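Below: the structure, in structure tokens.
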Protein chains: 2
Amino acid sequence: MDSTQPLYQRLASHYRHAILQGALTPGERVPSVRTLMRVHRVSLSTALQACRELETEGLLEARPRSGYFVRTAVRPALPPPREPDCVIDAAQYVGVHHRISEYVARRAASDVRVDLSVAVAASHCYPLDELRRAMGRALRNEAQWMVRGAPGQGHPALRAALARRAYSQGMTPSADDVIITHGCTEALNVALRTVTSPGDTVAVESPTYFGLLQILESLGLRALEIPVSPQTGMSVEALDLALQTQPGIRAVVAVPNLHNPLGSIMPDAEKARLVALCEARGVPLIEDDSYGLLADDDVPLRALKSWDRSGNVMYCASLHKTLAPGMRLGWMSAGRWHRRAAMLKFTMSRANEGLAQAAVADVLEARVYDRHLHALRLTLRRDRSRLAAAVAQHFPPGTRACVPSGSMLLWVELPAGCSSWRVFETALRAGIAITPGTLFSNTGRFEHYMRISCGEGYSPRVEEALRRLGAIVAEASPRATA
Amino acid sequence: MDSTQPLYQRLASHYRHAILQGALTPGERVPSVRTLMRVHRVSLSTALQACRELETEGLLEARPRSGYFVRTAVRPALPPPREPDCVIDAAQYVGVHHRISEYVARRAASDVRVDLSVAVAASHCYPLDELRRAMGRALRNEAQWMVRGAPGQGHPALRAALARRAYSQGMTPSADDVIITHGCTEALNVALRTVTSPGDTVAVESPTYFGLLQILESLGLRALEIPVSPQTGMSVEALDLALQTQPGIRAVVAVPNLHNPLGSIMPDAEKARLVALCEARGVPLIEDDSYGLLADDDVPLRALKSWDRSGNVMYCASLHKTLAPGMRLGWMSAGRWHRRAAMLKFTMSRANEGLAQAAVADVLEARVYDRHLHALRLTLRRDRSRLAAAVAQHFPPGTRACVPSGSMLLWVELPAGCSSWRVFETALRAGIAITPGTLFSNTGRFEHYMRISCGEGYSPRVEEALRRLGAIVAEASPRATA
């Protein structure tokens with residue numbers, strides 16, 4: 001438990017845990033405010049604040065004169081999204097650059113007051129003081145990295161720290177297997193360039209992170225979009241079919257843990273099947289694990305790489321979402337393509353800056369990183385629940401969403417026929433930024449989806465923005481009046 | 001003059017300047033040691049040390065009982081390298097990856113005691129204290145960049161500082177034209193990817209920096225090698241001929257200022273012709289200006305970009321050689337391809353880290369950067385003279401070299417038939433690292449060349465290594481006994 005949190009939040013965390021773990025079951029009465037005061041030695045106001053916090057999150061409900069009870073439906077009343085049809089379109093060259101340019105240009109020209117588009121938490125959620133102290137120490141002890149190139153694959157201490165931490169996700173890399181990159185973005189570029197040539201086809205999830213589609217486009221690669229279940233991630237059956245029937249697939253890219261934008265988590269059995277399939281078909285599997293450490297549960301999700309016995313999985317991740325969004329530190333473990341990957345990273349941008357690596361290695365080795373991750377997960381879970389509850393309350397009928405078990409993103413299916421691009425444009429004029437679904441696929445299937453984020457936190461201002469957004473969606477929906 | 005230098009070095013600098021500016025002419029007697037003591041109010045030992053410093057550099061000679069005189073030939077007695085034949089081979093795919101891998105692997109497996117292979121000055125030549133202080137200030141005032149992504153094109157203060165400084169080289173960019181990159185390497189990657197597709201041909205200098213050849217190889221581009229004069233840089237005539245006769249040349253890459261490895265500086269008239277030619281033929285011109293600020297003369301060399309009227313020149317540079325080899329800060333000004341270049345940089349690695357940019361912006365705006373550059377130029381000039389003098393003294397007849405007017409590199413033509421790869425291997429066993437000529441071209445024309453550097457400084461140990469290296473070259477040269 002994070003001792004820097006206010007007392008009422010720590011108390012709320014305690015009972016949140018009990019509810020989500022099932023120790024307190026739906027409909028059950030929670031200890032009375034007086035009991036809480038006695039058992040936890042807290043004031044009346046602290047006990048009340050904790051209960052209200054859990055009520056706001058939709059975990060408790062207050063019944064007049066009876067006290068607080070665990071809500072029967074702790075999830076907001078959003079219908080789950082539909083499972084995708086198992087349709088695979090022909091591989092095609094990606095054409096998202098111009099859409100993304102337009103998206104970026106419109107946002108830049110607008111006065112965004114409520115930003116629901118970011119795929120990262122608000123800066124105050126990251127341990128700035130710890131990072132600042134670690135950078136101060138690095139500056140005192142290792143300043144020479146400013147005037148001396150770091151070793152090619154990265155600072156030895158950072159590589160060692162990342163390798164050590166990877167064990168918790170079931171991987172067993174040595175520090176020598178780790179290549180430090182400029183964010184996960186560069187790692188994905190390196191991984192794709194290591195095993196593909198322009199004109200090749202790459203199987204990706206549908207929908208998928210638009211940054212990945214941009215990379216494919218910039219490398220002259222074709223995307224073959226594989227359906228993703230909101231519950232279980234990339235369809236291994238569909239991929240298997242595609243690998244049997246479509247020629248020239250040279251790599252598979254998957255985001256198995258807290259998929260962006262869907263939030264799905266592949267069950268371990270599916271992960272194992274995916275790794276085995278790619279291995280059997282001789283197709284390299286590139287894993288993007290940007291969000292894995294943001295799962296609600298403090299037990300880390302396993303990486304695909306942990307089932308890899310032949311070096312066929314190239315693991316890519318970053319510290320961007322979890323520790324330091326401004327420091328641009330990513331890494332990869334490239335399996336049997338390690339040498340070629342290291343050479344390509346060198347050719348693209350040489351070694352990363354050493355000083356920042358030294359500082360971050362320091363933080364990773366300290367307990368503060370685990371404490372920070374724990375607190376960040378709680379914050380995101382709380383804000384995600386509120387976001388989903390607000391969507392359920394304010395959006396028109398026909399809206400669907402699956403609330404993921406981690407991270408900050410919500411992938412919302414709008415009523416059929418509602419153009420998310422139109423919603424994006426209208427919302428932007430009202431100072432609200434969202435990400436329209438059309439950026440996440442080449443197929444046109446996600447025109448009536450949008451991604452919203454609780455990364456910037458939840459406040460009455462955000463609540464009001466979501467109310468406004470719901471009205472905009474309703475106006476843009478053909479059947480809004482039905 | 002740098003007030004942190006020892007007094008004797010400042011005194012030596014003063015007279016070095018007088019000699020190189022022609023105020024003291026060859027054969028002329030310099031003021032006596034007693035005069036120096038009186039005029040400059042220095043001790044006998046300081047005056048003597050200054051004269052000996054200039055003697056070691058080959059600028060002065062001591063005549064018994066007469067004092068010190070300006071040497072008649074201040075350049076060491078190396079015959080100049082031959083001008084290249086105006087031969088252009090067909091464009092070809094580059095195949096340097098495996099050679100460079102072998103080069104890197106062999107070096108890594110060896111105990112290098114004298115490193116003559118680095119293309120950067122020794123770390124103590126860079127203003128570590130200033131950088132450390134600036135980073136400390138950034139950490140106090142702008143630490144939030146650790147937890148917040150920097151703006152896409154880079155930190156506004158750094159872009160503004162670079163734009164302002166670019167004026168001294170004849171360019172007129174605005175801060176908005178500047179894109180911050182991970183070193184010049186990433187800038188070159190972005191520039192090439194902005195205007196070429198795999199399979200295209202790019203005209204480059206022959207020889208050229210092997211890092212550029214690696215980039216071309218990794219992007220599936222073909223290199224068309226254009227002869228370079230040791231005196232005047234890339235042959236504009238040969239390029240003109242190539243553009244008329246060879247199909248599919250989509251870009252030209254040139255290093256007009258202190259070419260790596262040759263050290264040549266294009267005269268302004270040639271620069272203007274090159275810019276006009278590329279403009280007339282509609283071929284984008286990519287300028288790599290990594291070394292321009294290291295010219296001996298404190299008057300900056302003009303960039304090709306300064307003649308650019310139509311946005312056809314993409315300027316690429318870095319602070320790697322001039323200010324902070326470990327901080328990986330490069331930049332580009334991409335002319336009329338600005339938007340596509342910015343998008344590609346975003347796709348490749350997002351924005352650079354903000355904190356380091358803030359710190360470096362601070363240093364660039366201070367006078368200390370100019371003082372540092374002045375001191376660095378003097379150091380490199382002194383050590384380069386000594387390096388060239390040692391090569392003249394210890395290498396076998398048939399050795400040629402042009403001593404450049406800046407930077408730290410010497411491109412040495414060995415006697416015909418001498419394999420620089422063999423020299424590299426033998427020298428490495430003796431703990432001496434050099435860069436064999438074979439890495440700098442696809443044509444095989446530079447097998448008997450090598451690049452050596454005074455970047456790590458000059459000492460008796462380096463002198464001894466050069467004596468040993470001369471013997472190795474003699475052994476490896478067929479006519480060494482002639």
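Every chain is numbered from 1 and lettered A, B, ... according to where its sequence line falls, protein lines coming before strand lines. Here the structure is a predicted model, which is why all the values come from computation and not from measurement.
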Could you tell me which portion of Ala351(B) (side chain, backbone, both or neither) has an atom closer than 4.5 angstrom to a non-hydrogen atom of chain A?
-> backbone

Name the region of Ala143(B), side chain, backbone, both or neither, that has any atom closer than 4.5 Å to a heavy atom of chain A.
-> both

Pick out which of Leu323(B), Val360(B), Leu131(B) makes a side-chain contact (heavy atoms from CB on, under 4.5 Å) with Met146(A).
-> Leu131(B)

So which pairs with a foot in residues 210-219 of chain B pass salt bridge (Lys or Arg N to Asp or Glu O under 4.0 Å), sequence neighbours left out?
-> none

Could you please spell out the steps behind the side chain to side chain contact (heavy atoms under 4.5 Å, CB included) verdict for Gln214(A) and Phe346(B)?
-> CA-CA 10 Å; Gln214(A) 266 194 302; Phe346(B) 178 80; 3.6 Å; yes

Between Ile215(A) and chain B, which part of the residue has a heavy atom less than 4.5 Å away: side chain, backbone, both or neither?
-> both

Donor + acceptor pair across side chains of Ser218(B), Arg193(A) (<3.5 Å) = yes

Do any of residues 175-186 of chain B come closer than 4.5 Å to chain A, heavy atom to heavy atom, and if so which ones, in number order?
-> His182(B), Thr185(B), Glu186(B)

Interatomic spacing from OG in Ser349(A) to CG in Asn352(B) - rounded to 0.5 Å | 9.5 Å

Residue part contacting chain A, namely of Leu139(B), when any heavy atom lies under 4.5 Å = both

Please check if the side chain of Asn189(A) supplies one atom and the backbone of Thr347(B) the other of a donor-acceptor pair under 3.5 Å.
-> yes

Could you check which of Gln144(A), Met135(A), Arg350(A) has the highest count of heavy-atom pairs closer than 4.5 Å to chain B?
-> Arg350(A)

Criterion side chain to side chain contact (heavy atoms under 4.5 Å, CB included) on Met343(B) and Ser101(A), from CA distance to verdict | CA-CA 8 Å; Met343(B) 174 67 85; Ser101(A) 295; 2.8 Å; yes

Structural part of Leu355(A) lying under 4.5 Å from a heavy atom of chain B = side chain

Most chain B-contacting option - heavy-atom pairs closer than 4.5 Å, from Arg340(A), Arg339(A), Arg132(A), His97(A) = Arg132(A)

Please state whether the side chain, the backbone, both or neither of Ala324(A) comes within less than 4.5 Å of a heavy atom of chain B.
-> both

About how many Å separate CD of Glu353(A) and CE of Met327(B), when rounded to the nearest 0.5 Å?
-> 5.5 Å

